[in-house]
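Chain A is the first sequence line, chain B the second, and so forth, proteins listed ahead of strands; every chain is numbered from 1.
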Amino acid sequence: MLRRLLQEELAAAWRAAGLDGDGAWIEVTRSERPEFGDFTSNVALAGAKRVGESPRALAEQLAPLVSEAHVERVEIAGPGFLNLFLRPGAVHRALREMLDAGDRFARSTEAVGTRLQLEYVSSNPTGPLTVGHGRQGVLGDVLASLYEALGFDVEREYYYNDAGRQVDLLAESLWARYRQVLGEEASIPDEGYQGEYLISMAESIAEELGDRFPEFDDEARRTMGAAAVERMTESIRGDLDRLGLRYDHWFSETTLHASGEVDAALASLTECGGTYEKDGAVWLAAEERGGDRDAVLIRSDGRPTYLMVDIAYHLNKHRRGFDRVIDVQGADHHAEQNAMRIALAYLGIPEGFLDYALHQFVSLKSSGEALRMSTRKGRFVTLGSLLDELGRDIVRYFMVARKPSNHLEFDLDLARSESLDNPATYIQYAHTRIASILRNAPADALPEASTPLDVLAEAEELELIKDLDGLPDVIHEAATSFSPHLIAEYALNVSRRFHAYYTEHRVLGDDAALTAARLALVLMVQRAIRCCLDLLGMSAPETM
RNA sequence: GCGCCCGUAGCUCAGUGGAUCAGAGCGUCGCACUCCGGAUGCGAAGGUCGGAGGUUCGAAUCCUCUCGGGCGUACCA
């Protein structure tokens, strides 16, 4: 990678100047404009304070010490930036290395052996998945792929609860719908599920069972609950599958209760001094550790709260031997995170064990109208209906193209567009177009390992190569800052640069040497785009 | 009231560990094809980066205040 290469050379220059330290802190970035060279370093600006010299003087001192192996010349600009102009040969060598690395050119081995678990969606089987779950699912899945690209051993987990109070409420709501279908007056409980999805379910149950449950007794509760959970689980799994989300592990909350892990977690917490009793309930002493307020762990009626069970769940994750876990959650869960961190701190689990990747909500825009989502109130657009209309690729792209911390306004008009106005289509088209070039290329024109690349002299070609060369950095940044949108943006940029290059320069021509080199270049462009599409979970079509 | 997120071009958004940061897409207007997939490309117009102070040689970026929007602030999950 060119950036790392230059970083090392600047560090070498730093040492050659007899300055303190190894220069590992030096930053090198792609230049914004051609007149600022290919890469720029802030070494003199950031280093000035370290050695007590003026940035300008330090720059003058370092510039001549930069090796000429890759750098043609160094210019000092502005307050003391070092602008590095590469020799074309260095760029060609970078392309050669990428070609030689094959399909794994953008992957890293930096984290091999580290076990990471990601948990996302984790919706209970009490209603259909919404577009909000869709965003979380894509976010989680793409993060998982990104971490895999860094070499992590990643496990994707879905946590759910198919028993307890919420399911009872679901059962009662379904029973009320069922009585309504049979022509009776029946009302859904106040905290129940108002969604219309229970109506069609009630219809088929009424047809199947007739008037067998006039009262909401124990048997009705069990039957209704089981029927609702079964159908909802089926619906959820179907949507996840269609969105391309595959899990390694499904974790049922019930097992935590059955195994005694909830009780055990409470006991450990108490042993560590993290709990106290008040008003007949057991509380987490959060304020003592800097939390906003203490939180109930065991209600006065003896039932554990969601938080208590979640603590047991995270203890379970830790026991399973993961080095790190990342929970992907919506912004509405923010408050709970502090309590969880404090609980884990009490239990002596290292701070770096748990990370939260937070995301804001999704609204849909179609000719100006926006819908808010709420499962309980039954107001939402389902993920399923969105998939029906747009398909996996488009849904995934739009879900992940925005920074997670921002609200996502899903532009249905743009998503529906089948033309290249649609960025998802535009990127895929670049891939397809290259596939077409490769199909048209005569067999003897195809590049080989020894194909000379130095005939690639156009500015657009060198820029393209530098872009390709930067992909590993983009992947690293996207993973570690929980920012998969950087991949979408990168893919769009490379596609744009390719389309412009294609219009300006012919790949297949009379000059055999030039044709072979250009084929090597576009092959690499295609590989980079395919890598991004793979990471995003989108297809990379050969034809469209 | 308090906590978190967000306010950047008509619209949707990148950029927010300082300097070389005023950017992209869509929309609008104009231009370019005897040729590898025109489902492409090039260009133009368009913004006092919500507002006001402050720190600095330098702020969309850091600090304070303020306005606007979202989400929390349950013995719900």
Side-chain angles (χ1 to χ4, degrees), chain A residues 27 29-33 35-37 40 42 45-46 55 77-81 83 122-124 126 161 164-166 169 191 253 278-283 291-293 295-310 330-338 358-361 363 365 368 372 375-376 398 401-411 413-414 417-423 425-426 428-430 432-441 445 481 483 485-486 488-489 492-493 495-496 498-509 515 518-519 522 543-544:
Chain A
E27 286 176 17
T29 55
R30 277 288 290 283
S31 300
E32 298 286 334
R33 303 181 201 172
E35 57 264 41
F36 300 144
T40 295
N42 66 347
L45 290 159
F81 287 103
N83 289 337
S122 293
S123 173
N124 289 335
T126 52
N161 184 14
R165 178 176 147 76
Q166 291 306 314
L169 275 170
E191 296 191 321
E253 181 187 319
K278 191 182 80 178
D279 302 333
V282 180
W283 297 70
D292 290 337
R293 51 170 314 201
V296 173
L297 295 171
I298 305 293
R299 301 178 178 88
S300 49
D301 65 5
R303 291 157 49 227
T305 59
Y306 172 83
L307 174 63
M308 182 63 244
V309 182
D310 213 27
D332 54 337
H333 281 70
H334 182 262
E336 165 208 338
Q337 296 173 8
N338 283 329
L358 218 64
H359 67 91
Q360 295 290 334
F361 295 145
S363 58
K365 188 183 75 168
R372 292 299 327 289
T375 306
R376 298 260 182 95
F398 277 77
R402 297 286 176 242
K403 189 167 55 177
S405 62
N406 256 357
H407 290 264
L408 168 62
E409 190 154 54
F410 197 109
D411 186 341
D413 298 324
L414 184 59
S417 165
E418 290 179 9
S419 72
L420 296 198
D421 299 345
N422 190 326
T425 312
Y426 181 89
Q428 289 177 317
Y429 180 57
T432 299
R433 212 175 198 185
I434 294 169
S436 174
I437 296 171
L438 295 174
R439 277 194 302 273
N440 288 331
S481 66
S483 301
H485 69 284
L486 296 176
E489 197 167 79
L492 192 60
N493 278 329
S495 300
R496 191 180 301 130
F498 164 72
H499 284 308
Y501 170 66
Y502 175 93
T503 304
E504 188 70 23
H505 303 286
R506 251 192 96 77
V507 174
L508 304 177
T515 296
R518 286 185 169 172
L519 279 169
V522 298
T543 60
M544 291 169 71

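Between the P atoms of B:rA59 and B:rC21, the separation comes to 14 Å (whole Å). Taking atom C1' on both B:rA22 and B:rC13, the two are 15 Å apart, rounded to the nearest angstrom. Annotation: B:rG54 and B:rA14 have their P atoms spaced 30 Å apart (nearest Å). Of the P atoms belonging to B:rA45 and B:rG25, the separation is 15 Å, rounded to the nearest Å. Using atom P as the reference point in both B:rC26 and B:rG72, the two lie 35 Å apart (nearest Å). Atom name P, nucleotides B:rU16 and B:rU56: the rounded distance is 25 Å, in whole Å. Comparing the same atom, C1', in B:rG47 and in B:rG10 gives a spacing of 11 Å after rounding to whole Å.
Within the 4.5 Å cutoff, the side chain of A:Leu408 has no heavy atoms near those of the A:His485 side chain. A:Lys365 places a side-chain heavy atom less than 4.5 Å from the side chain of A:Asp411. Within the 4.5 Å cutoff, the side chain of A:Ser417 has no heavy atoms near those of the A:Thr425 side chain. Residues A:Asn161 and A:Gln166 are not in side-chain contact: their nearest non-hydrogen atoms beyond the backbone lie 4.5 Å or more apart. Side chains of A:Leu508 and A:Leu519 form a contact here, defined as non-hydrogen atoms less than 4.5 Å apart.
A close approach under 4.0 Å does not occur between any side-chain nitrogen or oxygen of A:His499 and OP1 or OP2 of B:rG37. Using a 4.0 Å cut-off, no side-chain N or O of A:Thr503 falls inside it from OP1 or OP2 of B:rG41.
Residue A:Arg293 has its side chain nearest to B:rA74 when only B:rG38, B:rA74, B:rA19 are considered. Distances were taken from every side-chain heavy atom of A:Val507 (C-beta onward) to each of B:rC26, B:rC42, B:rC36; the shortest belongs to B:rC36. Counting only heavy atoms from C-beta on, A:Ser300 has its side chain closest to B:rC75 among B:rC75, B:rC36, B:rA19. Of the candidates B:rA77, B:rA14, B:rG37, the closest approach to any side-chain atom of A:Thr432 belongs to B:rG37. Side-chain proximity of A:Met544 to the nucleotides B:rA14, B:rA39, B:rG41 is greatest for B:rA39. The listed nucleotides are B:rC36, B:rA19, B:rG38; the one nearest the side chain of A:Arg433 is B:rG38. Each of B:rA39, B:rA14, B:rC71 was ranked by its minimum atom distance to the side chain of A:Thr425; first place goes to B:rA39. For A:Tyr502, whose side chain is taken as the heavy atoms from C-beta onward, the closest listed nucleotide among B:rG41, B:rC36, B:rA77 is B:rC36. Side-chain atoms of A:Val296 lie closest to B:rC75 of the nucleotides B:rC75, B:rU20, B:rG27. Set against B:rG72, B:rC26, B:rA19, the side chain of A:Leu414 has B:rC26 as its closest nucleotide.
Spacing between atom OH of A:Tyr426 and atom C1' of B:rG37 amounts to 14 Å, rounded to whole angstrom units.
Between A:Ser495 and A:Ala46, the residue anchored nearer the 5' end of RNA chain B, judged by the nucleotide with its closest heavy atom, is A:Ala46.
Side chain A:Arg402 to base B:rC13: no donor-acceptor pair is found below 3.5 Å.
If you check every strand for non-hydrogen atoms under 4.0 Å, A:Thr543 touches a base. Nucleic acid contact class of A:Asp279 (heavy atoms, under 4.0 Å, all strands): base. Within the nucleic acid shown, A:Ala77 comes within 4.0 Å of at least one base atom, counting heavy atoms only.
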Next item on the list: List the protein contact pattern of nucleotides 2-11 of chain B with one symbol per nucleotide (5' to 3'): B for base contact, S for sugar-phosphate-only contact, - for none; contact means a heavy-atom distance under 4.0 Å.
Entry: --SSS----S
Item checked: Bracket string, RNA chain B, 5' to 3' - pairs by Watson-Crick or G-U geometry under 3.5 Å, | interstrand -> ((((((((.[[[[.).......]]]].(((((.......))))).....(((((.......))))))))))))....
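Between the side chain of A:Arg518 and the backbone N or O of A:Arg506 there is at least one donor-acceptor pair closer than 3.5 Å.
Nearest heavy atoms, A:Ala295 versus A:Leu307: CB-CD2, 3.7 Å.
To the nearest 0.5 angstrom, A:Leu414 atom CG is 12.0 Å from A:Glu409 atom CD.
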